[in-house]
**Q** 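Next up is a structure, given as structure tokens.
Residue numbers run from 1 in the order of the sequence given.
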Amino acid sequence: MIAMKSRHLEMVQELEENFLIASQENQERTVLKIRGHYQNKLNMLKRVLGIYQEKVERRNALWEEKIKSLQRVNESLQEEQKALRERNRQESAIWDREKSKMMELFSSRLDLLHSHQASTLQELQMARAEMGRVQEMLQASQEAKEPEEAAEDRVEWCAPQSP
């Protein structure tokens with residue numbers, strides 16, 4: 001019986017050892033499977049994050065290029081605006097000089113026309129005065145002729161007529 005008990009204890013111990021070994025192997029396989037499963041998930045997540053990071057970097061690079069492009073366009077437009085302001089300033093100065101010249105020309109012409117008008121008016125007044133004197137002289141001469149003509153007419157009426 002002792003032998004049987006001993007054999008039984010050995011078998012129980014062997015079974016426990018086999019169970020522990022099987023349990024340990026099973027646990028190791030389970031851990032490996034779980035580790036593999038989560039390692040695959042982690043790898044997948046790393047790939048997704050890598051792809052997302054690439055997209056973000058490309059998008060950032062694209063935005064940076066757009067910013068640089070807009071800065072170049074902005075600088076170009078500012079230079080163009082400066083050039084246009086300078087051109088407008090120069091044209092304004094030219095127009096002011098031309099306006100001044102035209103105003104001087106118009107002023108001198110207006111002065112010339114005014115002096116011409118004044119001299120014409122003076123000549124006209126002198127001509128009127130001259131005409132007035134001529135008319136007075138004609139009138140005086142006409143008045144002097146009228147008594148002579150009246151005397152001649154009287155002489156003609158009084159004088160005998162010859163056949």
**Q** Can you tell me how far the NZ atom of Lys101 sits from the CD atom of Glu104, to the nearest 0.5 Å?
**A**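 It comes to 9.0 Å.
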**Q** Can you find a side-chain donor-acceptor pair between Glu143 and Gln139 that sits under 3.5 Å?
**A** no
**Q** Among all residues two or more places apart in sequence or in another chain, which pass the side-chain hydrogen bond (donor to acceptor under 3.5 Å, both in side chains) test with Glu130?
**A**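 Glu130: side-chain hydrogen bond (donor to acceptor under 3.5 Å, both in side chains) contacts with Arg133.
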**Q** Cut-off 3.5 Å, no hydrogens considered: what does the side-chain donor-acceptor table look like for residues 43-54, sequence neighbours left out?
**A**
from	atom 1	to	atom 2	distance (Å)
Asn43	OD1	Gln39	NE2	3.3
Asn43	ND2	Gln39	O	3.3
Gln53	NE2	Glu57	OE2	3.4

**Q** Quick one: hydrophobic cluster around Val134, which other residues, with the 4.5 Å side-chain cut-off, linked directly or via members?
**A** Leu138
**Q** Checking one residue: Met102. Which other hydrophobic residues are in its cluster under the side-chain 4.5 Å linking rule?
**A**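 Phe106, which link up through side-chain heavy atoms under 4.5 Å apart, make up the rest of the cluster.
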**Q** Rounded to the nearest 0.5 Å, how far apart are CD of Gln117 and CG of Leu110?
**A** 9.5 Å
**Q** By side chain to side chain contact (heavy atoms under 4.5 Å, CB included), which residues pair with Leu124, not counting sequence neighbours?
**A**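 Only Arg128 meet the side chain to side chain contact (heavy atoms under 4.5 Å, CB included) criterion with Leu124.
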**Q** Other than Ile67, which residues form its hydrophobic cluster under the rule that side-chain heavy atoms must be closer than 4.5 Å?
**A** none
**Q** Check the surroundings of atom CD in Gln122: do more than 12 heavy atoms from other residues, nucleotides or ligands lie under 6.0 Å from it?
**A**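 Atom CD in Gln122 is not packed in, count stays at 12 or less.
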**Q** Look only at the side chain of Ser92 and the backbone of Asn88, and say whether a donor-acceptor pair between them is shorter than 3.5 Å.
**A**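 No, Ser92 side chain to Asn88 backbone: no donor-acceptor pair under 3.5 Å.
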**Q** Please confirm whether Lys99 makes a cation-pi placement over Trp95, using NZ or CZ under 6.0 Å from the six-membered ring centre and within 45° of the ring normal.
**A**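 That pair does not qualify as a cation-pi contact.
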**Q** Only counting residues at least two apart or in another chain, list the ones meeting side chain to side chain contact (heavy atoms under 4.5 Å, CB included) with Ser108.
**A** Leu105
**Q** For the CG atom of Leu20 and the CD atom of Gln27, what is their distance to the nearest 0.5 Å?
**A** 10.5 Å
**Q** I need the full list of side chain to side chain donor-acceptor pair (under 3.5 Å) pairs touching residues 68-80, with sequence neighbours left out, sorted by first then second residue.
**A**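 Of all non-adjacent pairs touching residues 68-80, those that pass side chain to side chain donor-acceptor pair (under 3.5 Å) are Glu65-Arg72.
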**Q** Any side-chain heavy atom of Arg87 within less than 4.5 Å of one from Glu91?
**A**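 Yes, their side chains come closer than 4.5 Å.
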**Q** Roughly how far, to the nearest 0.5 Å, is CE of Met103 from CG of Asp96?
**A** 12.0 Å
**Q** Hey, what do you get for CG (Leu121) to NE2 (His114), rounding to the nearest 0.5 Å?
**A**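 Leu121 atom CG to His114 atom NE2 measures 9.0 Å (nearest 0.5 Å).
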**Q** With sequence neighbours excluded, what pairs up with Glu25 under the side chain to side chain contact (heavy atoms under 4.5 Å, CB included) test?
**A**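 If we apply the side chain to side chain contact (heavy atoms under 4.5 Å, CB included) test to Glu25, skipping adjacent residues, the hits are Ile21, Arg29.
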**Q** Do any side-chain atoms of residues 4-12 form donor-acceptor pairs under 3.5 angstrom with protein atoms, and if so which ones, sequence neighbours left out?
**A**
none

**Q** Taking transitive links into account, so neighbours of neighbours count too, which hydrophobic residues share a cluster with Leu77 at under 4.5 Å side-chain distance?
**A** Val73
**Q** State which residues pass side chain to side chain contact (heavy atoms under 4.5 Å, CB included) with Ile94; sequence neighbours excluded, sorted by chain then number.
**A**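 Checked Ile94 against side chain to side chain contact (heavy atoms under 4.5 Å, CB included); matches are Arg97, Glu98.
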